[in-house]
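For reference, the structure is listed below as structure tokens.
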Amino acid sequence: MAYKIAVFDAKPYDRVTFDRVNEKYGFELTYHKEHLDINNVVLANGADAVCIFVNAVVDSDVVAKLKSYGINLIALRCAGFNNVDILAAEKHGVKVVRVPDYSPHAIAEHTLALMLCLNRKVHRAFLRTRDGNFSLVGFEGFDMYGKTVGVIGTGKIGKVAIGLFKGLGMNVLAYDLYPDNAFAEAEGIKYVTLDELYANSNIITLHCPLTKETEYLICDESIKKMKDGVMIVNTGRGKLIHTRHLIDGLLSRKIGYAGLDVYEEEGAYFYEDHSDAVMTDDVLARLLSFNNVIVTSHQAFFTQEAMENIANTTMNSISDFFAGKELKNQVVYKA
Ligand code: NAD
């Protein structure tokens, strides 16, 4: 009998990769368009495991429901796990697995794409030339070479990003709760305090997880410590930035550019086509009105290589779970 997996937030591109990889495993996959939350958790009833993505809301009530359906495995097909109540899962004996490193290159390269696009106004030039406007007014950029980039979080993605920045000849300042001094020495980069990073960086990029400590790391208080005209890039998680404070910074010109692959209220919009609807999120609407802001729809992970790795690792973890093997990608609660 094939184990039944309820796959939430399933888009056509997820189905293609998961169906192909599943040929090796033979699970019975049921795809659901919506992201898992308390309103639709009933769709998981009858499944043996759920597979979820970044915008699922798996709080203690959802965990309890899953448990009541006999589900003992939540397989996140992403790296971040801030959207799952891990403590509640442990209390109910429900295991949680994730995909810790499907392609740090995918996210680091998207981060660089946002930086270069904002700096050289490629998004505006694309529209301008299509309209027969070949003027360069307003398009002056700066050499990345010799500028200072502050990297917050030097794990897998931060490290790959640092390699890219060094390739451009940038100076790198880094901050991490757990500095990797051997890496810093080998790469010739410097760990500094957050205040030093804020004060000296032309560009700040976020690669730390969303935790109680990092929630709203970028807010009025930190923004005022930054250089005038700073570029902020967030391919981490939306709540690392207090969006209203970011908007204030953009309005006062303290912030010169923002590249956002994630947004704190993205769950209501990202991954879906809302082009026929009236936008009711005034904060998102305001963000989208700035020509020095680029919002992408949490797509930094989205490369062929990453999709393949995500499907392989997820299916492998699910298979290991049902075989009673050790789960090397299990998420455990840390107080
Ligand atoms: P990682 O675990 O390898 O690295 C995270 C680093 O952040 C670690 O070095 C850790 O010590 C550091 N850190 C933890 N708490 C910190 C704090 N309070 N201040 C500063 N640093 C802190 O993770 P990773 O694979 O590099 O991914 C980083 C984050 O990127 C993930 O948590 C996820 O939220 C995000 N992400 C986004 C996408 C996307 O598509 N946009 C895809 C994958 C991951």
Can you establish whether the number of heavy atoms outside [X] located under 6.0 Å from its atom [atom1] is more than 12?
X	atom1	result
Glu34	CD	yes
Phe134	CZ	yes
Arg128	CZ	yes
Gln304	CD	no

Paired with Leu260, the side chain to side chain contact (heavy atoms under 4.5 Å, CB included) test is passed by just one of Ile241, Thr235, Leu206, Val233, namely Ile241

Checking Val58, Val99, Ile52, Val50 against Leu76 for side chain to side chain contact (heavy atoms under 4.5 Å, CB included), the one that qualifies is Ile52

Apply side-chain hydrogen bond (donor to acceptor under 3.5 Å, both in side chains) to [X] and list each qualifying residue two or more places apart in sequence or on a separate chain.
X	value
Lys95	none
His32	none
Lys254	Asp228

Donor-acceptor under 3.5 Å ([X] side chain, [Y] main chain):
X	Y	answer
Asn200	Glu196	yes
Thr296	Gln299	no
Ser252	Gly249	yes
His245	Cys219	no
Asn329	Val97	no
Lys4	Ala2	no
Lys67	His92	yes
Arg98	Ala79	yes
Asn171	Gly146	yes
Tyr271	His298	yes

Using a 4.5 Å side-chain heavy-atom cut-off and chaining through intermediate ILVMFWY residues, the residues clustered with Phe139 come out as none

Please name the pair of heavy atoms, one in [X] and one in [Y], separated by the smallest distance, quoted to 0.1 Å.
X	Y	result
Ile5	Cys51	CG2-CB, 4.1 Å
Phe27	Ile318	CZ-CG2, 3.6 Å
Gly80	Cys78	O-SG, 3.4 Å
Ala49	Ile71	CA-CG2, 3.9 Å
Leu73	Val94	N-CG1, 4.0 Å
Ala174	Ile189	CB-CD1, 3.9 Å

Test item: [X] and [Y] side chains (from C-beta on) under 4.5 Å apart, heavy atoms:
X	Y	value
Tyr263	Val283	yes
Leu284	Glu265	no
Asn316	Lys328	yes
Phe18	Met315	yes
Leu240	Ile218	no

Are the aromatic ring centres of Phe301 and Phe53 under 6.0 angstrom apart?
yes

Sorted by chain and residue number, the salt bridge (Lys or Arg N to Asp or Glu O under 4.0 Å) partners of Arg77 (sequence neighbours excluded) come out as Asp14

Asp195 meets the salt bridge (Lys or Arg N to Asp or Glu O under 4.0 Å) criterion, sequence neighbours left out, with Lys225

* Charged N to carboxylate O under 4.0 angstrom, Glu308 versus Arg20? -> yes

- Task: Report the C-alpha distance between Ile162 and Lys166 in whole Å, list the side-chain angles of each, state the deciding distance to 0.1 Å, and finish with yes or no for side chain to side chain contact (heavy atoms under 4.5 Å, CB included).
- Result: CA-CA 6 Å; Ile162 287 170; Lys166 285 187 58 197; 4.2 Å; yes

So NZ of Lys121 and OH of Tyr257: to nearest 0.5 Å the spacing works out to 4.0 Å

Rounded to the nearest 0.5 Å, the CZ atom of Arg237 sits from the OG1 atom of Thr211 at a distance of 12.5 Å

Any donor-acceptor N or O pair under 3.5 Å, side chains [X], [Y]:
X	Y	answer
Thr154	Asp176	yes
Asn312	Lys24	yes
Tyr269	Thr280	yes
Ser317	Thr314	no

Evaluate side chain to side chain contact (heavy atoms under 4.5 Å, CB included) for Thr205 paired with Met115, printing each intermediate quantity in order.
-> CA-CA 9 Å; Thr205 180; Met115 287 179 187; 3.7 Å; yes

If two hydrophobic side chains count as joined below 4.5 Å and joins carry through other members, does Val295 share a cluster with Phe290?
-> yes

Single-linkage hydrophobic cluster Leu112~Met231, side-chain heavy atoms < 4.5 angstrom: yes

Per side chain to side chain donor-acceptor pair (under 3.5 Å), Glu272 is matched among Lys11, His35, Lys33 by Lys11

inquiry  = With side chain to side chain contact (heavy atoms under 4.5 Å, CB included) as the criterion, how do Val151 and His207 come out once you've worked through the C-alpha distance, each side chain's angles and the decisive distance to 0.1 Å?
reply    = CA-CA 7 Å; Val151 179; His207 301 293; 3.9 Å; yes

Which class fits the ring pair His242 and Tyr216: parallel under 30°, tilted 30 to 60°, perpendicular over 60°? tilted

Evaluate the side chain to side chain contact (heavy atoms under 4.5 Å, CB included) criterion for residues Arg286 and Leu250: first the C-alpha distance (whole Å), next the side-chain angles of each, then the deciding distance (0.1 Å), finally the verdict. CA-CA 11 Å; Arg286 188 68 183 99; Leu250 285 157; over 6 Å; no

